Amino acid sequence: MDRGTDRAEQGAATEPAEPGRVPLAVVVVDRDGLVSHWSRGARRLFGTPKEEAIGRTALDLLPVSGALPGEQDTSYDAFDGLGPDLESSLDGGLSYPAAGRARLSAPGDGRVDVLWWAYPLVGPGPERLLVLAADADGLRAGDGTFERIAPGFALHTDFPGAEELARRLPEILPSMSVGESARIVGQILELGYPVLEFSQNDRVPVTPDWGVARRAERKARRERAARALAAGAPVPEELRDEGEDLEYAAVRERLEFLNEVSGRIGTSLDLSRTIIEVSRAVVPRFTDVAGTYLREQVVAGEEFADGVPDTTTMWHRVAVEHTDEPGRWDDVVPVGEAMPFPAHTPFFQCMTSGEPVLVPRISEEMGHAIAAQFEKRDIRPLITGRSMLVVPLKARNVVLGFMILLRHPERPVFNDMDRVTGAELAARAGLVLDNARMYTFQENVAETLQDSMLPHIPPRMAGCDIATRYLPGTLLGRVGGDWFDAVKLHGGRTAFVVGDVMGHGLNSAAMMGQLRTAVQTMAGLDLPPAQLLRNLDDLAQRLGDTYLATCLYAVYDPIASELHLANAGHIPPVLVRAGDGRSELLDLPTGAPIGVGGVPFEAVRVRVEPGDRLVMCTDGLVEVRGEDIGVGLATLCESAAHPAASMDDACDTIIRALNTRGGRKDDVALLMARLNGIEPDDVAVWRLALDPAEVGRARAAVREQLHEWGLAKLVAPAELMAGELVTNAVRHSRARPVELRLVRGDTLLCEVDDDDHELPTLLDAGPLDEAGRGLRVVSTLSREWGTSRTTAGKTVWFELTLPRR
């Protein structure tokens, strides 16, 4: 440490200090009043070598000749009267930090004009006092506009316990926060020598009061002027300058306070955090208690009608900040409570007029009137006798809420200047709160829109389990064009869809909503995948050429164990094989994005096995700016193949693997389906001739099969409805035999196929009508039913809920 210290201090002596940085003298005094450390900076400043200083009495080395005379030298005004004399600190007369300016005797006939700080040291160890000093003349050549100075300190020392002292820097500089101290330490370690940091905005660590001279005579004069001002009496002629100086200092103090508050609030668009920032900015600097109330609609992030609030308007107490003992206000005025305010209260006057209301002292009568609003709680001991200022929180001439500010009885009452300060404070806070409110409102609208556009897919569909995830691109852009869907098709099949409209915002979301609805409609018509994308592209052309979209469409047939897929410019899906756990990107014809127009689409069929998993996602999950998309696709394959206890866990594994990479700005839609399939033993098929006698055979076949499956409770309704559907099919079919199929899965599915392309409709059949009763029976008894066209004709189907076992 000695060698490094010497190099650092030699560098400090030979190289000019950086602008705004002045080397410090560092002196440590032990509990016997002897110097235990004397830095090179001290040698330069006071002229005594280290060898002669160590072990000598501090008062002998730093002889104080007295405070500076009152010469008019404006370059020192900012450092004038910063604390008691240095001698009191050196001889152990002071047990608290002090700072000041003094002229010390120097070798020969010279004087050393210094700025100094003295910090008593506590805890184990022989060190009692740390003294920092700087040559005040060294600041003359600098910028004279600097108003305040603050020392930074690093232990370039060789006395025992230096490292421990550095760790206790918050104790050495007690008026600095831990964060400020850490920042200074970091600067010092980088620079290699102690510095003096000063600026227009930072307060010195030991600051008795703001900007008022401390000489005893002028202090007494100013106190007399202050008493006259506080009493509203005219200031005597001989004290007129002092009174004007005090008024100027007070105005300056309030401007600094408002600037400080403005810098502390509005760091976030989060409404709750903004409320806390506003409350903590005024306590205890301006008030001892601050209660914040907001309109019910503001808290909920909703719009509200224009106009002045009335006695029915509900106000939510959203924050209570105070300097009283912990918990004193919690039970009486809990945060979260909502209430209206009667017309006779100052709160109602404030929120209807939009102007501050000042109550110098809350009388017993007013305290009783206010307390009457709080059922079974006596608030009078908390408010009676205190000074109160109620300020409105408004923006764009609309009152959003108000703050109730209270001062302890022993503190000066709020005055007209406080009223003006409070009004300006509330105006600034109101704008910040309104920005947060509008952001919260827009965020709620965006989330509602996005939620309404994303489907609520059941975790189980015929022959498959499904899990999904959606992640917005950014906090400021929660609405995007990514979507996923799963559509139930006849025959126990399911269509899986993932799409991505290029762009962000409401326009992209609106386009996404149109395309998603179109896909659902065309899927319900059982269009083949390639034809569906062709129709979707035509629709996008009719909607306009502003947007493009990619889309991946897959139909899963759990009975045939097959996927039928088509791709429109989307990233390929991943198929994880259940047998060996390997994963692969399915090689599909890519196709052009939806909206390009005039491009053909191709479909492929892929065989799957029970337990295989299909993973479909948008490019926001795998694509990162500056990185090849192949890296993301490889990570997707690897993470998709990772074993997982459930489908949700499998999705989370993929998200963790890919979403932790930096640079993601796009939305993410992820759909995973475990393709369980349907066992052949759970499917029964009969081909029926076009003969009305086949209806009885169909009923008997259904009855026998259900008994075999152990579904005797479903025999009566299933037999009746199957007979009705077969009757209609035999009647309207032209040449091809009718096919009857039963499928046992999560439900009992019954389908009847024929070669007639005309879909039946549900009619309101009368008591004498011969037609229309069959579908009415099916509609009444079934869990769900439907019709759809096929290549050869049509299918009519119904489902029944399986009985609980």
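Keep in mind that this is a model prediction, so the values were computed, not measured.
- The minimum heavy-atom distance linking Pro692 with Val730 is given by the pair N-CG1, 3.8 Å.
- A 4.5 Å side-chain heavy-atom check between Asn676 and Pro558 finds every atom pair outside the cut-off.
- The shortest non-hydrogen separation linking Cys750 to Leu742 is CB-CD2, 3.7 Å.
- Leu775 and Trp785 make their closest contact through CD2-CZ3, 3.9 Å (heavy atoms, listed as atom of the first residue, atom of the second, distance).
- More than 12 heavy atoms of other residues, nucleotides or ligands shown are found within 6.0 angstrom of CG on Asp580.
- The one candidate from Leu670, Ile466, Ile457 that meets the side-chain contact (heavy atoms from CB on, under 4.5 Å) condition with Phe484 is Ile457.
- Look at Asp538 and Arg534 and you find a salt bridge, because one of the NZ, NE, NH1 or NH2 atoms lies within 4.0 Å of a carboxylate O, short of that distance.
- Note that NE2 of His456 and OG1 of Thr468 are 10.0 Å apart. Values are rounded to the nearest 0.5 Å.
- Looking only at side-chain heavy atoms (C-beta outward), Ser782 and Met721 come within less than 4.5 Å of each other.
- Of the residues Asn728, Asp756, Asp755, the one that meets the side-chain hydrogen bond (donor to acceptor under 3.5 Å, both in side chains) test with Ser733 is Asp755.
- Residues Glu724 and Gly774 come closest through the heavy atom pair OE1-CA, 3.3 Å.
- Counting non-hydrogen atoms of neighbouring residues, nucleotides and ligands closer than 6.0 angstrom, the CD atom of Glu638 reaches no more than 12 such neighbours.
- In this structure, the side chains of Pro760 and Val796 come closer than 4.5 Å at one or more pairs of heavy atoms.
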Worked check of side-chain contact (heavy atoms from CB on, under 4.5 Å) between Asp746 and Leu802: CA-CA 7 Å; Asp746 294 334; Leu802 297 180; 5.9 Å; no
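- Atom NE2 of His732 has more than 12 heavy atoms from other residues, nucleotides or ligands within 6.0 Å.
- Judged by distance alone, the side chain of Thr521 and the main-chain N or O of Thr517 form a donor-acceptor pair under 3.5 Å.
- Counting heavy atoms from C-beta on, the side chains of Leu621 and Ile571 never come closer than 4.5 Å.
- Using modelled atom types, one side-chain atom of Gln541 and one backbone atom of Gly595 make a donor-acceptor pair closer than 3.5 Å.
- Looking at every heavy atom in both residues, Ala718 comes nearest to Leu748 through CB-CD2, 4.4 Å.
- Here the CG atom belonging to Leu536 is positioned 11.5 Å from the CD atom belonging to Gln531, to the nearest 0.5 angstrom.
- More than 12 heavy atoms of other residues, nucleotides or ligands shown are found within 6.0 angstrom of CD on Glu784.
- In this structure, Ser639 contributes its side chain and Ile654 its backbone to no donor-acceptor pair below 3.5 Å.
- Between Asp652 and Arg469 a salt bridge is recorded (basic side-chain N to carboxylate O distance below 4.0 Å).
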Derivation and outcome, side-chain contact (heavy atoms from CB on, under 4.5 Å), residues Phe601 and Asp537: CA-CA 10 Å; Phe601 298 99; Asp537 183 57; 4.1 Å; yes
Worked verdict on Val498 versus Thr618 for side-chain contact (heavy atoms from CB on, under 4.5 Å): CA-CA 7 Å; Val498 171; Thr618 54; 3.6 Å; yes
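- Heavy atoms of other residues, nucleotides or ligands lying less than 6.0 angstrom from CD of Glu602 number 12 at most.
- A donor-acceptor pair is defined here as one N or O able to donate and one able to accept, closer than 3.5 Å; such a pair exists between the side chain of Tyr556 and the backbone of Gly677.
- A side-chain hydrogen bond (donor to acceptor under 3.5 Å, both in side chains) with Glu562 is found for one member of Arg605, Arg493, Arg607 and no other, namely Arg605.
- Side-chain atoms of Arg741 and Leu749, non-hydrogen and from C-beta on, never get closer than 4.5 Å to each other.
- Annotation: side chain of Thr795 is in contact with side chain of Ser788 (closest heavy-atom distance under 4.5 Å).
- A salt bridge links Asp754 with Lys794: at least one charged nitrogen is closer than 4.0 Å to a carboxylate oxygen.
- Separation of atoms CZ (Arg656) and SG (Cys651) is listed at 11.0 Å; rounding is to 0.5 Å.
- Using modelled atom types, one side-chain atom of Arg789 and one backbone atom of His757 make a donor-acceptor pair closer than 3.5 Å.
- Heavy-atom contacts from other residues, nucleotides or ligands closer than 6.0 Å to CD of Glu679 number 12 or fewer.
- Here Asp482 contributes atom CG and Asp667 contributes atom CG; the two are 4.5 Å apart, rounded to the nearest 0.5 Å.
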side-chain contact (heavy atoms from CB on, under 4.5 Å) between Val497 and Trp483, intermediate numbers included: CA-CA 8 Å; Val497 191; Trp483 89 93; 4.0 Å; yes
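- The two atoms that bring Ala722 and Val702 nearest to each other are CB-CG2, 3.9 Å, heavy atoms only.
- Just one residue in the list Leu671, Leu565, Leu636, Leu585 forms a side-chain contact (heavy atoms from CB on, under 4.5 Å) with Pro573, and that residue is Leu565.
- Within the 4.5 Å cutoff, the side chain of Val519 has no heavy atoms near those of the Arg516 side chain.
- The backbone N or O of Arg703 lies less than 3.5 Å from no partner atom in the side chain of Glu719, so there is not a single donor-acceptor pair.
- Every residue two or more places apart in sequence or in another chain was checked for a side chain to side chain donor-acceptor pair (under 3.5 Å) with Lys713, and none qualifies.
- Interatomic distance, Arg783 CZ to Thr801 OG1, rounded to the nearest 0.5 Å: 4.5 Å.
- Under the side chain to side chain donor-acceptor pair (under 3.5 Å) criterion, Asn567 pairs with no residue at all, not counting sequence neighbours.
- Looking only at side-chain heavy atoms (C-beta outward), Leu515 and Cys551 stay at 4.5 Å or farther from each other.
- A side-chain N or O of His490 and one of Asp526 form a donor-acceptor pair less than 3.5 Å apart.
- With rounding to the nearest 0.5 angstrom, the CG atom of Asp465 is 11.5 Å from the CE atom of Met672.
- Looking only at distances, no side-chain donor or acceptor of His564 sits under 3.5 Å from a matching main-chain atom of Tyr553.
- The side-chain contact (heavy atoms from CB on, under 4.5 Å) with Leu740 is formed by just one residue from the set Leu725, Asp753, Leu688; it is Leu688.
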